[in-house]
Amino acid sequence: MEDTNSLIEQRRQNLAGLNARGVNPFMNAFRPDAQCGTVRAELARWAEWNQSPEPKGEPVGLPEGTRVRLAGRITAHRDMGKSQFLDLRDVSGRIQLWIQPKVLGEDAAAIFKFIDLADFIGIEGTLFITRMGEPSVKVESFIPLGKALRPPPGKWHGLEDTEIRYRQRYLDLIANEPVRDVFLKRSQILKEIRGFFHQRGYVEVETPMMQAIPGGAAAQPFKTYHNALGCEFYMRIALELYLKRLLVGGVDKVFEIGRNFRNEGLSRRHNPEFTMLEAYEAYGDYATMMETVESLIRHVALTVVGTLHIEHRNADGDVFKTIDLSHWRRARYKDLVREKAGADWFQVSPEERRRRAVEDLKLAGDIADGYEDFEVTGAVFEKLVEPTLIQPTFVTHLPKQLVPLAKISAEDPTTVEVFECCINGQEIAPGYTEQNDPIAQREALEHQAGGEQQKLDEDFLISLEHGMPPAGGIGIGIDRLCMMLLGQESIRDVILFPQLKPKA
RNA sequence: GCCUCGGUAGCUCAAUGGCAGAGCAGUUGACUCUUAAUCAAUUGGUUCUAGGUUCAAGUCCUAGCCGGGGCACCA
C-alpha cells in the first residue's frame, strides 16, 4: 500500500533505529507466565487483604515483589521524564508498567526510545502498588515483540467511523472495549449452547455447505462452480434436509451450528452469511422443542449475561428496553392478529379483510394484488404483531397454508403444529413437529417447487421413504439471539466481519 | 433496485460561497508516582472522486464511489 503520512514515516524510522542496533522487533515467540488483567486483579486483591485490619487470615492474591513475565500491546504512554508509565494490554485486560531508564540500563533505555504506542512488547519485572494505589509492574527488562508501523485510533473517543469499524474490525477491537466484550461473549454463548445440547445427549454434526440442490427454505442461493466435477453447486440456505437424513440414519438427537448463505438484501437484521442452529429430537414434537428453546435461552442468558433481565441501552447509556426472559408467553396466532386487527377479523369476508388491511391498517405497501386471504392476514401479523413481541412469546396454531411443510394439528385441523418464538420484535426460533410422511412431504415439496422437478431433492424424499421417526425440530438464528442477549441493535455488531461492498 | 443522511489531519469534530481550524495523538523541551498526567512550543490537508456554476467552492449544481438509516427482497 502506497499511502504514507508523517506518523507512519516516524514509525518506520523507529523500526530502522531498532534494526540499526541489531534488535529484531518482530520476534518468533515469547512465553509469558501470566496475563496482564489477571495479574492486576490478583495484585489488587492482595493489596486489599494487606490493608485490611487484623486479623487478616491467610494471604490472598499475588503479593508485591512477585516476579512476572508479561506480553501485550502498549495502549497508553505517560512520560514523566526519569520515570514513565505505560499500559500493557492483552486479552485479559491491562496493567500499568513503570519504566525507569536507570533500572533498564543505558543500552535498553536507548532501545526503548524506538518503542511506539501500540507496539507489542514482552517484559519481566516485579509487582508493586504505586502511591496512587495502582497495581503495577516495575519493569526490569523488556523485549520488542511486534512493531506497529501504523498509528492506533484515538484513545478518547475510540473509533466511531462505522465503515472503518467494520472493514478493519481489528482497530475496532483495539479501540472499543465494549465491542471486544460483545465478541468475547458471543464466543461464550456458542460454548454454552453446545454444552446445553451435549448435556442433553445431542450429537453435533457437520453437513455440506455446498449442495447440488439448496433445500430447507425458500431463499435465493449463491451459486458456485466445482472445476474437477464440472458442475454447479449452491451454498446452503438451511441445514434442515441433511439433519433429517441423520434422523433416518438413527441419530436420534442431532444438532448443527453453521453458516447459511442467502443471496438477498442486507439490513440491520440480515447478513448474506449468518449462523444458524438447527436441532432435531426424535420422538419429540413442537411442544418438546418449545421447552428446549426456553430452557436453552434461559441457560445461556444466566451463564453468559448473568441475568434473565436483558437491558438494551441507547447511545446515551439509558435503558430503553428490557427483555424479561423469566416469563414466556404462549399465544395463538389468531388471537394476536385479533388484538391488532379487530375481534371480528376472522368473521368478516376476505374482501372486507383486504379492505381493512389496506385502508384501516395502512398496509397497502405490504399487500400485493395477487395475495391470497391467508397472506393478507400474514401481512398483518408480520407488520403489526411481530415487531411488538418484545417479550418472549411462543406464537402457536399458525394457519396450515402459511406453513405447508409442517404437520396438521390434531386439535385444530386448520392449523399446524408449529411455533414461532418471537423475542425483541423478531422471529428468533421457529419450531415444528416435523413431517415424517414421505408421501405428504413429496406433495408439499412438489407444490412448492411449482412443477420444476429439478429443484426436488429426490435423495431427501427417498430417505424419508426408508422411514423417519416422528421428531420435533427448531432453528435458531444465532446472530439475532446474540443481538437480543448482548443488547445490540444491528446484526453487524455481533458479526466480526459483516459483509460490505469491496472498496474499489 | 428506490428514498434519505453522511464522507474535512492518524482519531473525534468545527468552518454565512470569502486565508481550512480545534482537541487528542505525533514531534521537541520541562518534570523522580502518572493514569483522559500536566506545562511550553510545534509538525501534520488531493476537504471521497470526476465534471460544472462563480471573481471566489469544504460549502451550490450534476454524475459516480463508499458507509449509516429506511423501503423493497427475505416461509
Side-chain angles (χ1 to χ4, degrees), chain A residues 3-11 13-14 40 75-88 94-103 113 116-118 128-136 138 148-168 171-172 174-176 215-221 237-238 240 260-272 274 365-366 368 374-375 378 381-383 398-406 416 418 420 426-427 430 432 444 448 475 477 489-490 492-493 498-504:
Chain A
D3 67 328
T4 53
N5 56 48
S6 61
L7 299 177
I8 293 177
E9 190 48 42
Q10 282 162 14
R11 284 167 182 266
Q13 282 169 13
N14 284 344
R40 184 177 188 277
T75 58
H77 183 202
R78 297 177 288 281
D79 186 350
M80 298 288 301
K82 297 197 174 81
S83 184
Q84 301 187 38
F85 295 91
L86 308 184
D87 284 348
L88 189 71
R94 64 162 195 97
I95 191 165
Q96 175 169 273
L97 305 182
W98 187 33
I99 304 254
Q100 294 165 285
K102 68 174 184 186
V103 171
K113 287 191 179 131
D116 288 306
L117 200 62
F128 78 108
I129 306 276
T130 66
R131 278 176 218 159
M132 301 300 290
E134 177 71 22
S136 306
K138 185 188 293 182
L149 294 179
R150 289 170 183 265
K155 59 176 179 178
W156 277 21
H157 304 273
L159 179 67
E160 297 187 9
D161 184 312
T162 47
E163 188 169 354
I164 299 177
R165 286 188 48 229
Y166 296 151
R167 285 192 196 279
Q168 297 178 273
L171 295 179
D172 194 23
I174 291 169
N176 298 324
Q220 289 300 312
I237 56 174
E240 179 162 343
N260 282 347
F261 305 85
R262 297 190 180 179
N263 204 343
E264 285 151 6
L266 289 71
S267 81
R268 231 159 38 119
R269 287 170 224 85
H270 300 83
N271 196 60
F274 61 100
D366 303 301
F374 76 90
E375 290 174 302
F381 180 81
E382 195 179 311
K383 295 295 170 185
L398 276 70
K400 62 179 181 185
Q401 303 94 325
L402 205 60
V403 195
L405 303 187
V416 284
V418 163
E420 286 191 0
Q426 298 181 28
E427 186 194 86
Y432 285 38
Q448 196 182 44
E489 311 310 316
S490 170
R492 296 185 187 94
D493 292 323
Q499 199 60 248
L500 297 181
K501 195 161 181 171
K503 279 259 184 184

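In what follows, every chain begins at residue 1, and chains take the letters A, B, ... in the order their sequences are listed. Computation of the quantities below employed the complete heavy-atom set of this structure, encompassing side-chain atoms and omitting hydrogens, waters and symmetry-equivalent molecules. Being a predicted model, the structure only gives us computed values, none of them experimental.
Rounded to whole Å, the separation between the C1' atoms of C55(B) and C60(B) comes to 16 Å. The same atom, C1', is picked in C31(B) and in C39(B); the two are 9 Å apart, to the nearest Å. G21(B) and U16(B) have their P atoms separated by 14 Å, given to the nearest Å. Separating the P atom of C61(B) from that of U54(B) is a span of 16 Å, rounded to the nearest Å. Atom C1' of U46(B) sits at a distance of 16 Å from the matching atom of G51(B), rounded to the whole Å. Separating the C1' atom of U4(B) from that of G52(B) is a span of 24 Å, rounded to the nearest Å. Taking atom P in both A9(B) and G45(B), the straight-line distance is 11 Å, to the nearest Å. The P atoms of G68(B) and A25(B) are separated by 30 Å, rounded to the nearest whole Å.
Between the side chains of Gln96(A) and Arg40(A), no donor-acceptor pair is found at a separation under 3.5 Å. Residues Thr130(A) and Trp98(A) have side chains that never bring a donor and an acceptor to within less than 3.5 angstrom of each other. A donor and an acceptor atom, one from each side chain of Asp161(A) and Tyr166(A), are nowhere located under 3.5 Å apart.
Going from atom CD of Glu420(A) over to atom CD of Glu427(A) covers 4.0 Å, rounded to the nearest 0.5 Å. One distance of note links CG of Asp116(A) with CZ of Arg150(A); it measures 14.0 Å at 0.5 Å rounding.
Put simply, the side chain of His157(A) and the base of C11(B) share no donor and acceptor less than 3.5 Å apart. Between the side chain of Thr130(A) and the base of U34(B) there is at least one donor-acceptor pair of N/O atoms closer than 3.5 Å.
Contact check, Arg492(A) against G68(B): a side-chain N or O comes under 4.0 Å of OP1 or OP2. Considering only side-chain N and O atoms, Arg78(A) lies under 4.0 angstrom from the phosphate OP1 or OP2 of A37(B). Between Arg150(A) and G10(B), a side-chain N or O to OP1/OP2 separation shorter than 4.0 Å is absent. Regarding contacts with the backbone of A25(B), a side-chain N or O of Lys155(A) is found under 4.0 angstrom from either OP1 or OP2. Between Lys383(A) and C71(B) there is no side-chain polar atom (N or O) within less than 4.0 angstrom of OP1 or OP2. OP1 or OP2 of G70(B) has at least one side-chain nitrogen or oxygen of Arg268(A) nearer than 4.0 Å.
Rounding to whole angstrom units, CG of residue Asp79(A) and C1' of U28(B) are separated by 12 Å. Atom pair Ile8(A):CD1 and A9(B):P shows a separation of 14 Å (rounding to whole Å applied). Rounded to an integer number of Å, the gap from Phe128(A) CZ to U35(B) C1' is 12 Å. Per the geometry, CD belonging to Gln499(A) stands 14 Å off C1' belonging to C66(B), to the nearest Å. Atom pair Ile129(A):CD1 and U35(B):C1' shows a separation of 14 Å (rounding to whole Å applied). As rounded to whole Å, 15 Å separates atom P of G6(B) from atom CG of Asp161(A).
Within 4.0 Å of Arg11(A), counting heavy atoms only, lies no atom of the nucleic acid at all. Here Leu402(A) lies out of heavy-atom contact (under 4.0 Å) with every strand. Looking at heavy-atom distances under 4.0 Å, Thr162(A) makes contact with sugar-phosphate atoms alone, never a base. Residue Gln96(A) is in base contact, counting any heavy-atom pair closer than 4.0 Å across all strands shown. Counting non-hydrogen atoms under 4.0 angstrom, Asp366(A) reaches the backbone sugars and phosphates but no base. Across all strands, Ala218(A) comes closer than 4.0 Å to base atoms (heavy-atom distances). Using a 4.0 Å heavy-atom distance criterion, Gly158(A) is classed as a sugar-phosphate-only contact. Using a 4.0 Å heavy-atom distance criterion, Leu7(A) is classed as a base contact. Gly133(A) comes within 4.0 angstrom of nothing in the nucleic acid, heavy atoms only.
Summarising the base pairing, C11(B) is matched to G23(B) through a Watson-Crick or G-U wobble pair whose two defining distances lie under 3.5 Å. Across the strands present, G18(B) finds its partner in C55(B); the criterion is a Watson-Crick or G-U wobble pair with both atom distances under 3.5 angstrom. Figure legend. C31(B) is base-paired to no nucleotide; pairs are counted as Watson-Crick or G-U wobble with both atom distances under 3.5 Å. Nucleotide C74(B) is matched to nothing when pairs are restricted to Watson-Crick or G-U wobble geometry with both distances under 3.5 angstrom. Pair assignment for A50(B) gives U62(B), based on Watson-Crick or G-U wobble hydrogen-bonding distances that are each under 3.5 Å.
Mapped onto RNA chain B by nearest heavy atom, Leu266(A) and Ser490(A) fall at different nucleotides, with Ser490(A) at the one closer to the 5' end.
Remark: ring of Phe85(A) stacked against base of U34(B); centroid gap under 5.5 Å, plane tilt under 30°.
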Give every pair of a protein N or O atom and an N or O atom of nucleotides 45-48 of chain B that lie under 3.5 Å apart, one pair per line with the distance.
none

**Prompt:** Where do His77(A) and Gln84(A) land on the side chain to side chain donor-acceptor pair (under 3.5 Å) test, with the steps shown first?
**Reply:** CA-CA 7 Å; His77(A) 183 202; Gln84(A) 301 187 38; 2.7 Å; yes
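A side-chain donor-acceptor contact under 3.5 Å links Arg11(A) to the backbone of Ala148(A).
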